[in-house]
K.L.:
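Let me begin by handing over the structure; questions about it come next.
A, B, ... follow the sequence lines: proteins, then strands. Residue 1 opens every chain.
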2 protein chains.
Amino acid sequence: MQGLKLLIVDDEPDIVDMLAYNFEQEGMTVSKAYNGTDAIRIAESEVPQVILLDVMMPDVDGIEVCETLRQNSELKNTLIIFLSARGEDYSQVAGYKAGADDYVVKPVRVKILKHKIEVLLNRFGAKNESVDESNITINKQRYTVSHLGEEHIIPKKEFELLALLLSSPERVYRRDEILRDVWGDAVIGDRTIDVHVRKLRERFGDNVIQTVKGVGYKFAG
Amino acid sequence: MQGLKLLIVDDEPDIVDMLAYNFEQEGMTVSKAYNGTDAIRIAESEVPQVILLDVMMPDVDGIEVCETLRQNSELKNTLIIFLSARGEDYSQVAGYKAGADDYVVKPVRVKILKHKIEVLLNRFGAKNESVDESNITINKQRYTVSHLGEEHIIPKKEFELLALLLSSPERVYRRDEILRDVWGDAVIGDRTIDVHVRKLRERFGDNVIQTVKGVGYKFAG
DNA sequence: ATAATTGTTTAACATTTGGTTAACCTTATA
DNA sequence: TATAAGGTTAACCAAATGTTAAACAATTAT
């Protein structure tokens, strides 16, 4: 877990500190938040690999935070684990519905929590890197695309579209998924995606993005 | 979770039956075992996508079963979830060390268990791999069909039809079932299915899909 | 602030493809 | 051997996607 970024969210500072201490021992880089609003802000700027999220917090609760974060495609691969004193079925189900990866009932047993995180990271861990065996690489920090040794800066939407497809090369993204992820709630015509695909093909070659008729598009080296 | 194979292991038949009932409702194909030895035998022959494994059983206990199964590379991607009355830390840790993906303390809350399985399946996509003993494999994420080492992208309806037949190889699907599953409410003529079967046979060989006259079709390696 | 530039979306049209049908052929079995 | 079920083929049509240019928005430079 060395070097991974972890965000801990709870309105009780004691719990946050205790968890932070334990995971720092594991070599993780820990951020802290004591309410939902801060949690969202920090999560979006830091893009941690793991978030421990208390359910019950004043104002914005954990469920809302989770729902909000899951909208953000950058945080799609982030593990979100709920911590809650409430063990009731409906409460847990609500957590999963909001997009959680696990739901841990307090009191938290740190050892077990570590194992849970390890399992989840191992199970789908490598997926976080958007590097690819093909000759296209993107760098979200620098906002650049490397292709055949050249570094390109491309427009925002094109970049986001490419980043999405590249986040899981070979996997087909349906048009509605693309729409939701790249455009959010904006209502746009149905040719817009095609036009952006066209431009990416213009830049990097026709074979970079493959059409799956009736379904969507996928990145193909 | 449609079509996924699930193995339930517990020495108490009541629990096995209760769980089996619930997951069969989800469209899963359920196998049962009442002791560790049988569990290993069945797991190795069936290669289920998910195993629910009781920890405490006479003779060979769940931990041993899990360790044994993890040796088998065919079962590397199988989800193993422990069920146990013992919630102690060391017991859970032992479970994770043995290679478990999750550890659920009894009494089991089925709804929550379903969500857990769903999350894990979605996270690392075993759900999408319908591997089969024949030389045809489909991948729903990539929308591809592998046949003799080649990856094919085939039209949507053909893909869905193949996916359906492949979801339970050897089982015969009646024409009306196929219609309902692939075409939904659309009203189409009675030769349409045949034409699609024809195209699949053209691609992958005549023996891939078998006709059962008067009944329907089935996939046959 | 204004112009120039760059990025995004739309709209119109072209092209491609997949799905369906219809007509006819073949085969199993009652 | 009659008959119903399924197989085959090619043609048609509709839907999905590709393409382009131009309008519109947002940024950046002057």
K.L.:
Specify the angle, to 10°, made by the local axes at the two ends of the helix from C:dA1-D:dT30 to C:dA30-D:dT1 when five pairs are taken at each end.
P.N.:
30°

K.L.:
Between B:Leu161 (CG) and C:dT20 (P), how many Å, whole number?
P.N.:
11 Å

K.L.:
Report the distance from atom CD1 of A:Ile188 to atom P of D:dA25, rounded to the nearest whole Å.
P.N.:
15 Å

K.L.:
What is the distance, to the nearest angstrom, from the CZ atom on B:Arg198 to the C1' atom on D:dT9?
P.N.:
8 Å

K.L.:
Specify whether B:Phe204 and B:His152 have parallel, tilted or perpendicular ring planes, treating 30° as the upper limit for parallel and 60° as the lower limit for perpendicular.
P.N.:
perpendicular

K.L.:
Should A:Arg175 and A:Asp194 count as an ion pair when the cut-off is N to O under 4.0 Å?
P.N.:
yes

K.L.:
Please tell me if A:His196 has a side-chain N or O lying less than 4.0 Å from either OP1 or OP2 of C:dT9.
P.N.:
yes

K.L.:
Answer yes when A:Lys116 and B:Asp102 have at least one side-chain N-carboxylate O distance shorter than 4.0 Å, and no when they do not.
P.N.:
yes

K.L.:
So do B:Leu162 and B:Phe219 actually touch side chain to side chain, heavy atoms under 4.5 Å?
P.N.:
yes

K.L.:
Using a 3.5 Å distance criterion without hydrogens, assess whether the side chain of B:Arg70 forms a donor-acceptor pair with backbone atoms of B:Leu75.
P.N.:
yes

K.L.:
Give one of base, sugar-phosphate or nothing for B:Thr211, where a contact means two heavy atoms less than 4.0 Å apart.
P.N.:
sugar-phosphate

K.L.:
Would one find a side-chain N or O of B:Arg191 under 4.0 angstrom from OP1 or OP2 of D:dA5?
P.N.:
no

K.L.:
Heavy atoms only, 4.0 Å cut-off, all strands: where does B:Tyr217 land among base, sugar-phosphate and nothing?
P.N.:
sugar-phosphate

K.L.:
Is a side-chain N or O of B:Thr78 found less than 3.5 angstrom from the main chain of B:Pro48, in a donor-acceptor match?
P.N.:
yes

K.L.:
Among residues two or more places apart or on two chains, list those pairs meeting ring pair (Phe, Tyr, Trp, His ring centres under 6.0 Å) that have a residue in residues 171-192 of chain B.
P.N.:
B:Trp183-B:His196

K.L.:
Knowing that exactly one of B:Asp10, B:Asp17, B:Asp14 qualifies, which makes a salt bridge (Lys or Arg N to Asp or Glu O under 4.0 Å) with B:Lys32?
P.N.:
B:Asp17

K.L.:
Once you round it to whole Å, what is the distance between P of D:dT28 and CD1 of A:Ile153?
P.N.:
12 Å

K.L.:
Can you tell me the distance, in whole Å, between the CD atom of A:Glu202 and the P atom of D:dT19?
P.N.:
9 Å

K.L.:
Counting just side-chain N and O atoms, does B:Arg201 come under 4.0 Å of either OP1 or OP2 of D:dG7?
P.N.:
yes

K.L.:
Please tell me if A:Thr192 has a side-chain N or O lying less than 4.0 Å from either OP1 or OP2 of C:dT10.
P.N.:
yes

K.L.:
Atom CD1 in A:Ile117, atom CG in A:Leu79: separation rounded to 0.5 Å?
P.N.:
7.5 Å

K.L.:
Please list each protein N or O that sits under 3.5 Å from an N or O in nucleotides 10-15 of chain D, with the distance.
P.N.:
none

K.L.:
Could you state the CG-P distance from A:Asp194 to C:dA14, rounded to the nearest angstrom?
P.N.:
17 Å

K.L.:
Let me know the distance between NZ of A:Lys156 and P of D:dA25, rounded to the nearest Å.
P.N.:
17 Å

K.L.:
State which of D:dG18, C:dT8, C:dG19 makes the closest approach to the side chain of A:Lys157.
P.N.:
C:dT8

K.L.:
Rounded to whole Å, how long is the line connecting atom CH2 of A:Trp183 with atom C1' of C:dT10?
P.N.:
13 Å

K.L.:
Against B:His115, only a single residue in A:Tyr96, A:Tyr103, A:Phe82 fulfils ring-ring contact (aromatic ring centres under 6.0 Å, His included); can you say which?
P.N.:
A:Tyr96

